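Here the structure is a predicted model, which is why all the values come from computation and not from measurement.
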Amino acid sequence: MQNEMLIVDDLMLLLIDDKSGTIAGEGTLYYTLGGAVLVELALRGLVETDETGTIFNGLEVRAVKGEPPSDPLLRSAYDRIAERPRGVQTLLIEIGTHLRGQVIDRLVERGLIRRERERMLGLFRTTRFRAENPQYEAEMLERVRAVLEDGADPDSRTAALAALLSASGTLPTFHPAIRWSGKVYKRAKELESGSWGADAVNTAVVRTAAAIAAASTVAVTTAVQSGG
């Protein structure tokens with residue numbers, strides 16, 4: 001379904017600050033969005049990882065033969081991976097670099113956000129993003145909050161969103177909607193490491209998705225430490 005909301009769409013929607021109209025974690029956004037696309041492909045059983053590798057030396061991702069995804073954004077990523085296996089951090093950059101504009105366009109087309117163009121100090125042009133369907137975002141945020149604060153068992157999509165938000169380093173900016181605490185931090189790290197609920201934790205697709213989410217954390221941390 002071409003009009004289906006992807007994890008990367010939902011993630012971008014959450015990362016847009018409704019008050020400022022800016023995007024949290026802009027400096028490493030390409031890693032975060034690239035991770036969301038890879039996680040989606042993993043949850044659909046379209047990619048797998050080399051279980052013998054480790055995240056720290058470049059977990060390898062390869063395509064699984066089957067029906068390619070119909071969504072053009074996912075299809076582009078899948079076709080790239082199908083060319084040859086690649087290290088996950090390489091893919092995060094290759095796939096994520098051009099996603100920002102594409103995902104923003106998708107959200108605008110779906111009527112979930114609008115662009116507001118303005119000048120700062122009367123000189124510099126800037127674009128702010130404003131919510132057009134706040135209820136959709138609020139419901140999604142509540143599901144993530146329940147998982148992180150209340151310890152609710154997540155479905156795989158909500159677990160992916162929570163893990164990727166944690167990987168992006170932006171979770172503290174959601175306070176007080178998601179009250180930042182040691183408990184929330186610990187729960188988020190559990191999700192990053194693959195604790196996605198009793199029903200899903202032993203499935204290969206979830207292990208793959210969790211490994212990719214964790215690899216995104218390493219990529220973001222490395223980028224931040226190196227100054228971008």
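In this structure, Tyr185 contributes its side chain and Ser166 its backbone to no donor-acceptor pair below 3.5 Å. The main-chain N or O of Val64 is never found under 3.5 Å from a side-chain atom of Glu48 such that the two would form a donor-acceptor pair. The backbone N or O of Ala152 sits nowhere less than 3.5 Å from a side-chain atom of Asp150 that would complete a donor-acceptor pair. Judged by distance alone, the side chain of Glu40 and the main-chain N or O of Ile7 form a donor-acceptor pair under 3.5 Å. Side chain of Arg187 to backbone of Val147: a donor-acceptor contact under 3.5 angstrom is found. A side-chain donor-acceptor contact under 3.5 Å links Arg86 to the backbone of Arg80. Remark: the backbone N or O of Lys19 is paired with a side-chain donor or acceptor of Arg130 at under 3.5 angstrom.
Just one residue in the list Leu29, Thr28, Thr22 forms a side-chain contact (heavy atoms from CB on, under 4.5 Å) with Glu26, and that residue is Leu29.
Interatomic distance, CD1 of Ile81 versus CG of Leu46, reported as 9.0 Å (0.5 Å rounding). Rounded to the nearest 0.5 angstrom, Met12 CE and Leu112 CG are separated by 12.5 Å.
A pairwise comparison of heavy atoms in Ile212 and Gly35 identifies CG2-O, 3.9 Å as the closest pair. Here the closest non-hydrogen pair linking Asp9 and Leu107 is O-CD2, 3.8 Å. Minimum heavy-atom separation, Leu92 to Gly34: CD2-C, 3.6 Å. Across all their heavy atoms, Arg100 and Phe129 have their closest contact at NH2-CE1, 3.9 Å. Residues Leu164 and Ala36 come closest through the heavy atom pair CD1-CA, 3.6 Å. The heavy-atom pair separating Thr158 from Pro154 by the smallest distance is CB-CB, 4.3 Å.
In this structure the side chain of Arg115 reaches within 4.5 angstrom of the side chain of Val108, judged on heavy atoms. In this structure, Lys189 and Glu192 have side chains that are in contact, with non-hydrogen atoms separated by less than 4.5 Å.
Salt-bridge annotation for Glu4 and Arg44: present, with a side-chain N of the basic residue lying under 4.0 Å from a carboxylate O of the acidic one. The existence of a salt bridge linking Glu109 and Arg106 is excluded, since no basic side-chain nitrogen approaches an acidic carboxylate oxygen closer than 4.0 Å.
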